[in-house]
Protein chains: 2
Amino acid sequence: MHLARIPSDTVFQALADETRLRIIHLLVETGEESCLCELVDSLLEPSYKLSRHLKILRQAGLLTSQKEGRWVYHRMLEEPSYIMRLYDVVRALPDADGIYAADLARFRERLCLRDGGRCLVGIQSEEFRAEAVD
Amino acid sequence: MHLARIPSDTVFQALADETRLRIIHLLVETGEESCLCELVDSLLEPSYKLSRHLKILRQAGLLTSQKEGRWVYHRMLEEPSYIMRLYDVVRALPDADGIYAADLARFRERLCLRDGGRCLVGIQSEEFRAEAVD
DNA sequence: ATAATAGTTGCGCTATAGTGCAACTATGCA
DNA sequence: TGCATAGTTGCACTATAGCGCAACTATTAT
């Protein structure tokens, strides 16, 4: 992995959004990796929205993404050290509205649908499924 | 001090700007407090610009300001804990361009002009002095 | 091949952030 | 009382960020 030259404020900019904080919080709190459809079912936000936010986080050096067939798995990094410290901050963030907790509960539930540790099912939440037959 | 209810992303938003990072870096690295004119001479940015950035940092709960006569002193906080961790992140930030180091050097120089630990002289940098007689 | 689906992205829209200028307030000193 | 100065802020301008929609790519299954 080559450490791109990223301006310091870019990293904070990447965390300066509630949706992106929810994503990072989920991955950092569980240490898990997650594909997009699992995130859609956990955060209850449309895939195009999360996809763009994931790109921003990736470009800021806050997570890494790996393609596996149709799925793309996103997970936290292990370097550099100040990114680890940032993860600590995110973990220590207050959760007055219980949003992080709710995301986490849905995520854990959603992980049960995995088979052999891999996601196999696509978006489950009714309102975010792509035009499925009712 | 009452801990206002500040959305998590506001804190990161406040650090998502290079000028504000320079301010925080200076205060956190030295543990010093600083008035506006000292910051102007250290960062070489106009006072109206820094004043506004300081307000944003204050409102985000990243520093506190205290008026003393004509001067207003700004300094880091000691709570809550995740703000301390954020200070740690800022301290650990890479300084590839040497901007933080240059700010710090000018700041330390500028501190020599204090008398009894207090600033008494106003803006020294030529280009940022308010319409002084040439 | 072709359909289904996991994920991405261009476009247009709106909201907000950062800036310089200039006017403003507030404090101390002659 | 009036001036100098530390600091703040309203205004207009520009740039950028986030959004929904819809079209797109890529991969798997039939």
Side-chain angles (χ1 to χ4, degrees), chain A residues 7 9-10 12-23 33-41 43 45-60 65-74 110 113-115 118-125 127-133, chain B residues 7 9-10 12-23 33-41 43 45-60 65-74 110 113-115 118-125 127-133:
Chain A
D9 56 333
T10 302
F12 294 104
Q13 177 62 46
L15 292 172
D17 177 277
E18 207 207 316
T19 305
R20 292 196 292 266
L21 271 182
R22 290 169 68 195
I23 294 172
E33 55 188 353
S34 171
C35 61
L36 182 60
C37 57
E38 289 172 332
L39 289 174
V40 168
D41 285 335
L43 307 194
E45 297 284 349
S47 59
Y48 63 79
K49 184 176 170 179
L50 295 184
S51 179
R52 258 193 279 245
H53 283 308
L54 285 165
K55 184 178 184 180
I56 292 170
L57 288 169
R58 208 181 313 126
Q59 290 175 338
S65 305
Q66 194 172 350
K67 185 159 187 170
E68 265 183 45
R70 250 192 295 200
W71 287 269
V72 178
Y73 285 91
H74 309 274
R110 179 58 220 260
L113 300 184
R114 283 192 187 174
D115 192 352
R118 299 287 92 177
C119 175
L120 292 177
V121 296
I123 297 172
Q124 298 298 298
S125 316
E127 68 264 55
F128 297 110
R129 258 204 311 254
E131 213 56 63
V133 226
Chain B
D9 56 333
T10 302
F12 294 104
Q13 176 62 45
L15 291 172
D17 177 277
E18 207 207 318
T19 306
R20 292 196 292 266
L21 271 182
R22 290 169 68 196
I23 294 173
E33 55 189 354
S34 171
C35 61
L36 182 60
C37 56
E38 289 172 332
L39 289 173
V40 169
D41 286 334
L43 307 192
E45 298 283 349
S47 59
Y48 63 81
K49 184 175 171 182
L50 295 183
S51 178
R52 259 192 278 245
H53 282 308
L54 286 165
K55 184 178 185 179
I56 292 171
L57 289 169
R58 207 181 314 127
Q59 290 175 339
S65 305
Q66 194 172 349
K67 186 160 187 171
E68 261 185 51
R70 253 192 293 201
W71 286 270
V72 178
Y73 286 90
H74 309 274
R110 179 56 221 260
L113 300 185
R114 283 193 187 173
D115 191 353
R118 299 287 92 177
C119 174
L120 293 176
V121 295
I123 298 171
Q124 298 298 299
S125 316
E127 68 266 54
F128 296 110
R129 259 204 309 257
E131 215 55 64
V133 225

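Residue numbering restarts at 1 for every chain, and letters A, B, ... go by the order of the sequence lines.
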Polar atom pairs between nucleotides 6-8 of chain D and protein, under 3.5 Å, N or O only, would you list them?
unit_1	atom_1	unit_2	atom_2	d
D:dA6	O3'	B:Arg70	O	3.4
D:dG7	OP1	B:Leu36	N	3.2
D:dG7	OP1	B:Val72	N	3.2
D:dG7	OP2	B:Cys37	N	2.6
D:dT8	OP2	B:Ser51	OG	2.6
D:dT8	O5'	B:Ser51	OG	3.2

Atom CG of B:Leu21 and atom P of C:dG18 are separated, to the nearest Å, by 12 Å
Restricting to non-hydrogen atoms, name the atom on B:Leu21 and the atom on B:Leu15 that form the minimum distance, rounded to 0.1 Å. CG-O, 3.3 Å
A:Leu36 and its side-chain contact (heavy atoms from CB on, under 4.5 Å) partner, picked from A:Val72, A:Asp41, A:Leu54: A:Leu54
With the side chain counted from C-beta on, respond yes when A:Gln13 and A:Arg20 share a heavy-atom pair under 4.5 Å apart, and no when they do not. yes
Please give me the minimum heavy-atom distance between A:Glu38 and A:Tyr73, naming the atom from each residue. OE1-CE2, 4.5 Å
Least distance between heavy atoms, A:Val121 atom then A:Trp71 atom: N-CZ2, 4.2 Å
Pairs: protein N or O with nucleotides 12-17 of chain C N or O, under 3.5 Å:
none

Side chains of A:His74 and A:Ser65: do they bring a donor and an acceptor to under 3.5 Å? yes
In whole angstroms, the gap separating C1' of C:dT5 from CG of A:Asp41 amounts to 14 Å
Please determine whether side-chain contact (heavy atoms from CB on, under 4.5 Å) holds for the pair B:Arg110 and B:Cys37, giving the CA-CA distance in whole Å, both sets of side-chain angles, and the decisive distance to 0.1 Å. CA-CA 10 Å; B:Arg110 179 56 221 260; B:Cys37 56; 4.2 Å; yes
Could you check how far CD1 of A:Ile56 sits from C1' of D:dT16, rounded to whole Å? 11 Å
Quick one: is D:dT27 close enough that its OP1 or OP2 comes under 4.0 Å of any side-chain N or O from A:Lys67? yes
Below 4.0 angstrom from OP1 or OP2 of D:dC19, is there any side-chain N or O of A:His53? yes
So, does B:Gln124 use its side chain to make a donor-acceptor pair with the main chain of B:Gly122 at under 3.5 Å? yes
If I take atom CZ in residue A:Arg114 and atom C1' in nucleotide C:dA6, what distance separates them, rounded to the nearest angstrom? 15 Å
For the pair made of CD in A:Gln66 and P in D:dT27, what is the distance, rounded to whole Å? 14 Å
More 5' along DNA chain D: A:Gly69 or A:Glu45, using each one's nearest nucleotide? A:Glu45
Under 4.5 Å between any side-chain heavy atoms of A:His53 and A:Glu45, yes or no? no
